[in-house]
Amino acid sequence: MELAPPRGTQDLLPDRSDAMYGLYAAAHRAAELFGFRYVETPTFESTELFARTSGDTSDVVTKEMYTFEDKGGRSLTLRPESTASVVRAYLTHAQELPNPFKAYYVASEFRHGRPQSGRLREFRQFGVEVIGVEGAAADVEVIVLGERYVRERGLSQYVLHLNSIGDENCRPAYRERLVDYFEPYRDQLDEDCRTRLSKNPLRVFDCKVDGGKDFVLAAPTIADHLCEPCTVHFAGVRTGLDEVGVSYLLDPRLVRGLDYYTRSTFEWVSSALTSDQASTINAGGRYDGLAEALGGQPTPGVGFAMGLDRVLLAIEAEGAPLPPARPPRCFVVAIGPDADAAGRHLISELRDEGIPAAGSYEERPLKAQLKMADRAGATFVAIVGEQELANGTVTLRRLVDGMQKSVPTADIATWLTKLDGGMD
């Protein structure tokens, strides 16, 4: 059989899996710091959920969904994004949940596209949603959280793009004007953009083929056509970001690829990533019409979805420190049959003290065990041999530089909890 993973997917193994685990852990810490609660939704949902919410002109619906029929004849789709799923779950359990509902997730998503670096068919996202708040303060908090996360990962080569795409009150008139503007250029648009022009003309701006053409760049933007409530809301978002010192670039042609977005749209674009690697590392916006599209009561919402695979690529591209791993902190090396039992006892004691520890499952020479410790990603080795047993000590060695110290066995856990083992 073919041992390689399916095209567009990847095996995450040490040390890269350690780095991704670090991004997961940082996502949990950041979201919880802002008062968000962790949620999980099913890996697959009714196809109608995504077809109804994403819009029939979106790439997700037209090209990218993994859809299948189960044994009961139901059409199901692997989750291509989580916002619709989280809102569905909220509507199902609204009476049991707080209002506003601040939810976050760390999950795998699935889209069928041409695989390339930063654009996988199975990819990992950290997302947050604030459901039930219409005011600009929720938009600001979501953006601040996203900004804080990428900044604390050591990234600096990125720009936050910001726009408002209006709502159901001001967008219809703008859409008509946009259609009138593009009509003379219809023959210069590719087939996808001609379809978008008829159904959702704003999405011509994010067309991969035609989005950069001069006549597209010269098209009227919605910034001059916002109604008063949308203008006030967008001003509130900008003021809030200015107050907390989050810089941004006003991008009047920024739209989102899913049809449920209204008002605020934003994305973080990394200049460290090439276009082939998909330079947008985080994107989101407001989706006040999504709950109603699912048959629920009108319920405002705002959130983002961050591509953790792309964040990791950006970290590597910028040369920023990789997220800290959590390998066995101490690898116990037992030399000789008399030391085996003492080594196993030491491993158990370290674990009881909350210190990750591991060791060899069978007797091996010192050099072989040191090699095992290095491959296991241990920070320290604790060597237990005949001399250490006789003295009631352990030889604690730091693997990064070979510095070592004799430590009383009873004190080993205390030493390991100090910075660098207290060796300096």
Side-chain angles (χ1 to χ4, degrees), residues 11-33 38 106 124 149 152-154 308 312 315-316 319-424:
D11 297 315
L12 279 178
L13 302 171
D15 292 322
R16 195 170 182 80
S17 59
D18 291 334
M20 184 60 73
Y21 178 88
L23 292 181
Y24 294 161
H28 287 287
R29 290 194 302 270
E32 290 167 0
L33 184 66
Y38 179 68
V106 180
R124 297 148 192 86
Y149 184 89
E152 290 184 346
R153 306 288 72 74
L308 294 180
L312 184 52
I315 289 173
E316 293 169 337
L322 288 173
R326 295 186 63 187
R329 181 173 175 79
C330 185
F331 192 98
V332 176
V333 174
I335 306 299
D338 293 338
D340 282 347
R344 289 192 296 271
H345 182 70
L346 179 57
I347 290 172
S348 179
E349 284 188 336
L350 292 175
R351 290 171 177 171
D352 287 345
E353 293 295 326
I355 298 172
S360 175
Y361 292 111
E362 53 194 11
E363 187 175 347
R364 291 192 175 187
L366 173 62
K367 186 175 180 180
Q369 292 191 61
L370 291 175
K371 189 173 183 179
M372 289 175 64
D374 185 56
R375 288 188 172 180
T379 311
F380 300 94
V381 293
I383 302 173
V384 182
E386 292 183 5
Q387 189 66 47
E388 286 82 6
L389 286 174
N391 297 335
T393 61
V394 170
T395 299
L396 188 63
R397 180 183 298 180
R398 189 167 58 193
L399 285 176
V400 67
D401 56 11
M403 185 176 289
Q404 64 183 37
K405 188 178 187 70
S406 180
V407 178
T409 303
D411 297 338
I412 185 68
T414 302
W415 280 95
L416 285 170
T417 56
K418 294 180 181 178
L419 181 63
D420 284 337
M423 291 184 174
D424 297 332

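Treat the numbers as computed from the prediction; the structure is a model and nothing was measured. Sequence positions, counted from 1, serve as the residue numbers for this chain.
- With rounding to the nearest 0.5 Å, the separation of CG in Leu396 from CD1 in Ile412 is 4.0 Å.
- Nearest heavy atoms, Ala320 versus Gly154: CB-O, 3.7 Å.
- Under the ring-ring contact (aromatic ring centres under 6.0 Å, His included) criterion, Tyr24 pairs with no residue at all, not counting sequence neighbours.
- When all heavy atoms of Val384 and Ala342 are compared, the closest pair comes out as CG1-CB, 4.3 Å.
- Nearest heavy-atom pair across Leu399 and Ala378 is CD1-O, 3.3 Å.
- Considering OG of Ser360 and CG of Leu370, their distance stands at 11.5 Å, rounded to 0.5 Å.
- Other residues, nucleotides and ligands contribute more than 12 heavy atoms inside 6.0 Å of the CD atom of Glu316.
- Side chain of Tyr149 to main chain of Leu23: a donor-acceptor pair is present (N/O by atom type, distance under 3.5 Å, no hydrogens or angles).
- Not a single ring-ring contact (aromatic ring centres under 6.0 Å, His included) links Phe331 to another residue, sequence neighbours left out.
- Contact of the Val381 side chain with the Gln369 side chain is not registered, since no non-hydrogen atoms from C-beta on lie closer than 4.5 Å.
- Within the structure, salt bridge (Lys or Arg N to Asp or Glu O under 4.0 Å) pairs that include any residue of residues 367-391 do not occur (at least two apart or interchain).
- In this structure, OG1 in Thr395 is found 11.5 Å from NZ in Lys405, a value given to the nearest 0.5 Å.
- Within the structure, every pair that satisfies the salt bridge (Lys or Arg N to Asp or Glu O under 4.0 Å) test and touches residues 349-362, not counting sequence neighbours, is listed here: Glu362-Arg364.
- Heavy-atom minimum distance, Arg397 versus Gly402: CG-O, 3.8 Å.
- When all heavy atoms of Cys330 and Ala382 are compared, the pair lying nearest together is SG-CB, 3.7 Å.
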Practice task
Quick one: do Leu322 and Leu312 satisfy side chain to side chain contact (heavy atoms under 4.5 Å, CB included)? Show the steps, please.
Solution key: CA-CA 8 Å; Leu322 288 173; Leu312 184 52; 3.8 Å; yes
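- Considering CD of Gln404 and CZ of Phe380, their distance stands at 12.5 Å, rounded to 0.5 Å.
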Problem - Full working for side chain to side chain contact (heavy atoms under 4.5 Å, CB included) between Arg29 and Leu33 - result: CA-CA 6 Å; Arg29 290 194 302 270; Leu33 184 66; over 6 Å; no
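- Ile335 and Pro365 make their closest contact through CD1-C, 4.5 Å (heavy atoms, listed as atom of the first residue, atom of the second, distance).
- Rounding to the nearest 0.5 angstrom, the gap separating the CG atom in Leu366 from the CD1 atom in Ile383 is 5.5 Å.
- Listed by chain and residue number, nothing satisfies the ring-ring contact (aromatic ring centres under 6.0 Å, His included) test with His345 (two or more places apart in sequence, or in another chain).
- When the salt bridge (Lys or Arg N to Asp or Glu O under 4.0 Å) test is applied to Glu152, the partners found at least two apart in sequence or on another chain are Arg148.
- Leu308 is listed as a side-chain neighbour of Val106, based on a closest heavy-atom distance under 4.5 Å.
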